[in-house]
Amino acid sequence: MKFTLLVVGRTVEKHFITAINDYTERTKRYASFDMEVIPELKNTKSLTPELQKEKEGELILKSLQPGDVVVLLDEHGKEFRSIEFANWIERKMHTVSKRLVFIIGGPYGFSPAVYAAAHEKISLSKMTFSHQMIRLIFIEQLYRGLSILHNSPYHHE
Ligand SMILES: C[S@@+](CC[C@H](N)C(=O)[O-])C[C@H]1O[C@@H](n2cnc3c(N)ncnc32)[C@H](O)[C@@H]1O
């Protein structure tokens with residue numbers, strides 16, 4: 001099984017890029033993982049938030065492949081402790097044969113069509129993070145979950 005993180009728009013800030021690359025490399029020690037970037041829309045100032053979400057949603061849905069299991073990162077999704085998330089990952093590794101695709105929405109979130117295509121929704125906190133910052137937070141949690149499954153001393157509780 002492969003883990004994919006699908007995001008809308010390039011990561012802009014240098015400090016996020018450095019940290020994301022670091023945690024991506026660490027994660028790859030344990031699992032097949034990549035971050036796919038959907039190019040940001042042009043001229044978004046002329047779009048309403050609803051239209052922007054709809055257009056981003058079309059690009060998100062186009063990037064999906066048959067057999068993908070789709071998990072939205074969404075502040076209204078299911079919350080886990082890190083050990084629970086590790087156990088959830090382990091179950092997915094036994095049940096998903098192709099890609100487990102986590103999706104981070106654009107600045108205004110997801111369109112109704114993307115919600116309709118999702119199998120699950122996961123929240124990383126009740127608070128809202130920027131669509132740029134949540135990438136790093138998610139990859140660190142994925143790395144943490146995999147390191148728990150490998151009995152690595154990274155996680156302490
Ligand atoms: C700025 S937020 C969008 C907020 C928007 N109000 C909404 O309801 O989705 C951009 C994206 O970051 C992700 N995100 C932000 N905070 C999150 C959280 N606490 N848990 C999971 N994902 C989050 C989601 O994928 C969201 O679509």
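Since the model is a prediction, treat every value here as computed from it, not as a measurement.
For the pair Tyr30 and Leu142, the minimum side-chain heavy-atom distance is 4.5 Å or more. Here the side chains of Ser82 and Gln141 are in contact, with some heavy-atom distance below 4.5 Å. Put simply, the side chain of Leu146 reaches to within 4.5 Å of the side chain of Thr27, judged on heavy atoms. Looking at His94 and Arg91, their side chains never come closer than 4.5 Å, going by heavy atoms from C-beta outward. Side-chain contact between Asp74 and Tyr115: present, with at least one pair of heavy atoms (C-beta onward) separated by less than 4.5 Å. Side-chain contact between Ile104 and Leu6 is absent, with no heavy-atom pair separated by less than 4.5 Å. Considering only heavy atoms from C-beta on, Glu140 stays 4.5 Å or farther from Arg135 through its side chain. Counting heavy atoms from C-beta outward, Leu149 and Met93 have side chains that approach closer than 4.5 Å.
Note on Lys92 versus Glu120: salt bridge recorded, some NZ/NE/NH1/NH2 to OD/OE distance being below 4.0 Å. Under a 4.0 Å N-O distance rule, the pair Lys2/Asp34 qualifies as a salt bridge.
Once rounded to the nearest 0.5 Å, the distance linking CG of Leu136 with NE2 of His15 reads 9.5 Å. Distance OG1/Thr24 to CZ/Arg29: 12.0 Å, rounded to 0.5 Å. The OG atom of Ser111 sits 11.0 Å away from the CG atom of Leu51 when rounded to the nearest 0.5 Å. Of the inter-residue distances, the one linking Lys78 atom NZ with Phe85 atom CZ reads 11.5 Å to the nearest 0.5 angstrom. With rounding to the nearest 0.5 Å, the separation of CZ in Arg26 from CD1 in Ile139 is 12.0 Å. Rounded to the nearest 0.5 Å, atoms CD (Glu40) and CD (Glu56) are 9.5 Å apart.
His156 places a side-chain N or O within donor-acceptor distance of the main-chain N or O of Pro153, the cut-off being under 3.5 Å. Judged by distance alone, the side chain of His119 and the main-chain N or O of Val70 form a donor-acceptor pair under 3.5 Å. Panel note: side chain Gln52, backbone Lys45; no donor-acceptor pair is recorded below 3.5 Å. A side-chain donor-acceptor contact under 3.5 Å links Ser46 to the backbone of Asn43. Between the Glu25 side chain and the Asp22 main chain, no donor and acceptor come within less than 3.5 Å of each other. Remark: side-chain polar atoms of Thr18 are paired, donor with acceptor, to backbone N or O of Lys14 under 3.5 angstrom.
Counting heavy atoms of neighbouring residues, nucleotides and ligands inside a 6.0 Å radius, atom NZ of Lys55 does not exceed 12 of them.
Scored by the ring-ring contact (aromatic ring centres under 6.0 Å, His included) test, Phe129 finds no partners at all (sequence neighbours excluded). Looking at residues two or more places apart in sequence or on another chain, you find no ring-ring contact (aromatic ring centres under 6.0 Å, His included) involving Tyr108.
Linking Ile, Leu, Val, Met, Phe, Trp and Tyr residues whenever their side-chain heavy atoms come within less than 4.5 Å leaves Leu59 and Leu73 in two separate clusters. Taken together through direct or relayed side-chain contacts under 4.5 Å among Ile, Leu, Val, Met, Phe, Trp and Tyr, Leu100 and Ile89 form part of one hydrophobic cluster. There is no path of hydrophobic side-chain contacts, each under 4.5 Å, that joins Ile60 to Leu5. A single hydrophobic cluster is not seen to contain both Ile83 and Leu124; linkage of ILVMFWY side chains at heavy-atom distances under 4.5 Å, directly or through other members, places them apart. Under the 4.5 Å side-chain heavy-atom criterion for Ile, Leu, Val, Met, Phe, Trp and Tyr, Ile134 and Phe80 are members of the same hydrophobic cluster.
Ring orientation note: the planes of Phe3 and Phe102 are close to parallel, at an angle under 30° on the 30°/60° scale.
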| message | Checking Met133 against Phe16 for the side chain to side chain contact (heavy atoms under 4.5 Å, CB included) test, could you report, in this order, the C-alpha distance in whole Å, the side-chain angles of both residues, the deciding distance, and whether it holds? | response | CA-CA 7 Å; Met133 187 177 292; Phe16 286 144; 3.7 Å; yes
For Glu157 and Arg81: C-alpha separation, side-chain torsions, deciding distance, then whether side chain to side chain contact (heavy atoms under 4.5 Å, CB included) applies. CA-CA 11 Å; Glu157 76 175 74; Arg81 298 182 58 82; 3.3 Å; yes
*Does the side chain to side chain contact (heavy atoms under 4.5 Å, CB included) test come out yes or no for Gln132 and Val12, once each step is laid out?*
CA-CA 8 Å; Gln132 296 265 322; Val12 179; 3.8 Å; yes
Practice task
Give the C-alpha distance, both sets of side-chain angles, the deciding distance and a yes or no for side chain to side chain contact (heavy atoms under 4.5 Å, CB included) between Glu54 and Glu58.
Solution key: CA-CA 6 Å; Glu54 202 179 304; Glu58 286 165 11; 4.2 Å; yes
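Remark: the Thr128 side chain and the Glu75 side chain contain an N/O donor-acceptor pair separated by less than 3.5 Å.
Of all non-hydrogen atoms in Gly145 and Ala86, the two that sit nearest each other are O-CB, 3.5 Å. Residue Leu72 comes nearest to Ala118 through the heavy atom pair CG-CB, 3.5 Å, listed as atom of the first residue, atom of the second, then distance. Smallest separation of non-hydrogen atoms from His155 and Arg144: ND1-NH1, 3.0 Å. Nearest heavy atoms, Ala117 versus Leu61: CB-CD2, 3.6 Å.
Here salt bridge (Lys or Arg N to Asp or Glu O under 4.0 Å) pairs that include residues 97-119, with residues two or more places apart or in two chains, are Glu36-Arg99, Asp68-Arg99.
Residues Tyr143 and Tyr154 bring their aromatic ring centres within 6.0 Å.
When each of Val7, Ile38, Leu64 is tested with Ile103 by the rule side chain to side chain contact (heavy atoms under 4.5 Å, CB included), just one qualifies, namely Leu64.
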